[in-house]
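Reviewing the structure listed below.
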Amino acid sequence: MDSIKGIKGVKDILPEETPRWRLIEDTVRRWALSYGYQEIRIPIFELTALFARSIGSATDIVEKEMYTFPDRDGTSLTLRPEGTAGTVRSFIEHNRAADPLPQKYFYIGPMFRHERPQAGRLRQFHQFGVEFFGTSDPRADVEVIALLWRLLSDLALPDLTLEINSLGSSDDRAAYKPFLRSFLSQQQALLCENCHRRMDTNPLRVLDCKVPSCRAATESAPRLTDHLSTEARQHFDQVLCGLVALGVPYQLNPRLVRGLDYYCLTSFEITSTHLGAQNAVGAGGRYDGLVKTLGGPSVPAVGFALGLERVSLMFQKTSSPLRDECLYYVAAFGEEGKKCGLVLLDELRRAGISTQCDYRATTLKAHLRQADRAKCRYAILLGDDEASLGSVILRNLESKAQEVLPLEGLASILKTRTFPA
RNA sequence: GUGGGUGUAGCUCAGUUGGUUAGAGCGCCGGAUUGUGGAUCCGGAGGUCGCGGGUUCGAAACCCGUCAUCCACCCCA
């Protein structure tokens, strides 16, 4: 019989990796909390309409990458492809805008997109993200960018680049698009097939095309940043000033266009050269219109999302492997020793002392081998001799020093001992 | 959706122009006299050579198909 395999692009995170993942998760949580963001836990599936309306129906995500299925009554549901839509939905549904603003949320969890798997790209992947609601002040943009930059720096990820751009207001873009379109139509012959299609659906994306000939053809294209309203221009300048003040290095990238429809004004992306083709580790921007689009009040917002697999990929290269270990190993053998050992294990564990044992081992030799392999710091030897004496031998596996301790009350004795980390 | 690479033991990989019973290292289990681990030595378990066809006296190897996986396009975190 064929064994059942996991789903394509859906990976197990095995015990060798989970300590590292926990460290990453703990780090991003700590940073978010220290900036005053509060954790929100939203469902991993929602009405399909939510994503179609927020992300944009013409985007690849909505067009061909969503895991969509009918509920039993026929309602179309979708596994979340990103976290912002659900967070905003929740914000509106619980009428959070009636509470004092601003409000700052963060989330962490799995997302789903039906894409072809690749280095740093999975069908189930994990994101950490923050959403800062209720402040249009550019310092809010600076704050979320700084948060992202600082926590990535804290993880000591190598060779990061922050790129930033302003997409202007939707009016700015509407005013700019004719200029861009007329420029692009002059260059049409030089553009790739994909870009021909983009010229109609989303001309801004042509600027972001990776094909070298397209890049060359758009080198002298009119820049959106030259067509910003004074408000948008000011906002952008203040964001940049803030970054300078904080010493967060950035690179202007007038070609940077985010894929999701809801972004406006500030748009940014952090990339690393250590990631292969999928080089964006985190990205975000402002989305002042989204809350209203989804049926809520007009509340400005700014946020980002961070790809945790991509963080993990880089983190592996810079951090040494971690492992969850038990402090003690109970080597119980012999008729009476085994009986006492079973009880001792329970006592130690109830006292919160991490303890291991291999029930297969019948000899002391086999036990010590297992203790060594499990990287325990101490072995508690408990054979028939000890059982009849009511004692145990505590063996330091590194120094090989041994001492005799009473079996009775051993947990409280060990509990008082402190060990170097 | 489109390309390209790779599928041999739990893991990393050898395997000659097609030739007998498919190998190594690591890992795992056991042993090297009584109740003391890591090292060494010895022994053992473990493989439908991804799967299905085909060519051949003979296929892990060659051909076709298929599946899986990786990388890239695309897209994005």
Side-chain angles (χ1 to χ4, degrees), chain A residues 1-3 5-11 14 16 28 55 58-65 81-84 108-129 148 152 192-195 197-198 202 205 208-211 256-260 268-272 275-285 303-314 329 331-334 337 358 360-387 393-402:
Chain A
M1 177 130 61
D2 285 355
S3 61
K5 299 269 181 46
I7 299 165
K8 182 200 277 282
V10 178
K11 276 199 178 168
L14 298 170
E16 290 79 2
V28 301
I55 297 168
T59 60
D60 275 24
I61 293 178
V62 171
E63 267 184 353
K64 48 195 185 195
E65 293 176 0
E82 54 102 51
T84 297
I108 181 164
M111 307 293 165
F112 306 85
R113 307 218 291 228
H114 189 108
E115 298 184 274
R116 197 70 171 257
Q118 194 184 329
R121 192 171 75 182
L122 296 173
R123 290 186 175 178
Q124 175 174 337
F125 59 103
H126 298 78
Q127 284 188 338
F128 158 77
L148 180 56
L152 291 176
C192 72
E193 200 159 315
N194 251 316
C195 283
R197 192 171 45 79
R198 289 180 181 131
N202 192 350
R205 286 210 53 83
D208 203 29
C209 186
K210 280 189 220 158
V211 178
L256 181 68
V257 178
R258 311 266 61 252
L260 284 49
F268 59 93
E269 181 171 281
I270 294 182
T271 56
S272 168
L275 278 174
Q278 307 300 319
N279 63 353
V281 32
F304 67 75
L306 175 69
L308 297 185
E309 274 77 8
R310 294 179 186 179
V311 171
S312 173
L313 229 47
M314 282 188 284
Y329 181 97
F333 56 103
D358 181 353
R360 297 173 309 169
T362 53
T363 62
L364 181 56
K365 184 194 188 72
H367 268 129
L368 286 171
R369 188 171 54 237
Q370 294 301 334
D372 183 53
R373 187 178 351 227
K375 297 280 197 303
C376 294
R377 213 96 59 95
Y378 296 88
I380 297 166
L381 315 189
L382 179 49
D384 286 345
D385 295 354
E386 287 73 22
I393 297 170
L394 179 68
R395 178 179 175 85
N396 182 319
L397 288 168
E398 203 188 340
S399 70
K400 302 186 179 184
Q402 300 194 158

Seminar exercise, completed: Between A:Gly6 and A:Ala280, the residue closer to the 5' end of RNA chain B by nearest nucleotide is A:Gly6
Problem set entry | Of A:Gln402 and A:Gly276, the one whose closest RNA chain B nucleotide lies more 5' | A:Gln402
Results of salt bridge (charged side-chain N to carboxylate O under 4.0 Å, His left out) for [X] - residues two or more places apart only:
X        : value
A:Asp384 : none
A:Arg395 : none
A:Asp358 : A:Arg360
A:Lys365 : none

Short N/O separations, protein against nucleotides 37-45 of chain B, under 3.5 angstrom:
residue	atom	partner	partner atom	Å
B:rG37	N7	A:Arg395	NH2	3.0
B:rG37	O6	A:Arg395	NH2	3.0
B:rG37	O6	A:Leu397	O	3.1
B:rG37	N1	A:Leu397	O	2.2
B:rG37	N2	A:Asp372	OD1	3.1
B:rG37	N2	A:Leu397	O	3.1
B:rG38	O4'	A:Asp372	OD2	2.9
B:rG38	N1	A:Leu397	O	3.4
B:rG38	N3	A:Asp372	OD1	3.4

Report, one pair per line, the protein and nucleotides 2-12 of chain B atoms (nitrogen or oxygen only) whose separation is under 3.5 Å.
residue	atom	partner	partner atom	Å
B:rU2	O4	A:Arg116	NH1	2.7

Exercise. Any donor-acceptor pair under 3.5 Å between the side chain of A:Gln278 and the base of B:rC71?
Worked result: no
For this session: Answer yes or no: side-chain N or O of A:Arg310 and base N or O of B:rC76 forming a donor-acceptor pair under 3.5 Å.
Result: yes
Quote, to the nearest angstrom, the [atom1] distance that separates [N] from [M].
N      : M      : atom1 : answer
B:rG25 : B:rA9  : C1'   : 12 Å
B:rG52 : B:rG5  : P     : 24 Å
B:rU48 : B:rU40 : P     : 30 Å
B:rU21 : B:rU66 : C1'   : 31 Å
B:rU33 : B:rG15 : C1'   : 43 Å
B:rG50 : B:rC42 : C1'   : 36 Å
B:rA32 : B:rU20 : P     : 39 Å
B:rC62 : B:rU69 : C1'   : 24 Å

Taking the side chain of [X] as heavy atoms from C-beta outward, which of [options] is closest to it?
X        : options                : answer
A:Arg121 : B:rG35, B:rU69, B:rC73 : B:rC73
A:Ile393 : B:rC71, B:rG35, B:rC73 : B:rG35
A:Gln127 : B:rC73, B:rG35, B:rA77 : B:rA77
A:Phe333 : B:rG35, B:rA72, B:rA77 : B:rG35
A:Arg113 : B:rC71, B:rC73, B:rA77 : B:rA77

Exercise. Rounding to a whole Å, what distance do you find between A:Leu122:CG and B:rU69:P?
Worked result: 11 Å
Exercise. Does CG belonging to A:Leu14 count more than 12 external heavy atoms closer than 6.0 Å?
Worked result: yes
For this session: Applying side-chain contact (heavy atoms from CB on, under 4.5 Å), name anything that partners A:Glu65, two or more places apart in sequence or on another chain.
Result: A:Asp60, A:Ile61, A:Arg113, A:Glu115
For [X], which contact category applies under a 4.0 Å heavy-atom criterion: base, sugar-phosphate, or nothing?
X        : result
A:Glu386 : base
A:Leu381 : base
A:Lys375 : nothing

For this session: Check for a donor-acceptor pair, side chain of A:Arg310 on one end and backbone N or O of A:Ala280 on the other, with a separation under 3.5 Å.
Result: yes
Problem set entry | Near-parallel close stack of A:Phe125 and B:rA77 base (under 5.5 Å, under 30°) | yes
Problem set entry | Pairwise side-chain contact, A:Leu397 with A:Leu368, heavy-atom cut-off 4.5 Å (strictly under) | yes
The criterion is side chain to side chain donor-acceptor pair (under 3.5 Å); which residues satisfy it with [X], sequence neighbours excluded?
X        : value
A:Glu269 : A:Arg258
A:Glu309 : A:His126
A:Glu82  : A:Tyr262

Exercise. If a stem is a run of at least 3 consecutive Watson-Crick or G-U pairs, both distances under 3.5 Å, which stems include RNA chain B?
Worked result: B:1-7 with B:67-73, B:10-13 with B:23-26, B:28-32 with B:40-44, B:50-54 with B:62-66
Problem set entry | Partners passing ring-ring contact (aromatic ring centres under 6.0 Å, His included) against A:Tyr329 (at least two apart in sequence or in another chain) | A:His367
Exercise. For A:Val281, which of A:Leu148, A:Thr271, A:Leu152 qualifies under side-chain contact (heavy atoms from CB on, under 4.5 Å)?
Worked result: A:Leu152
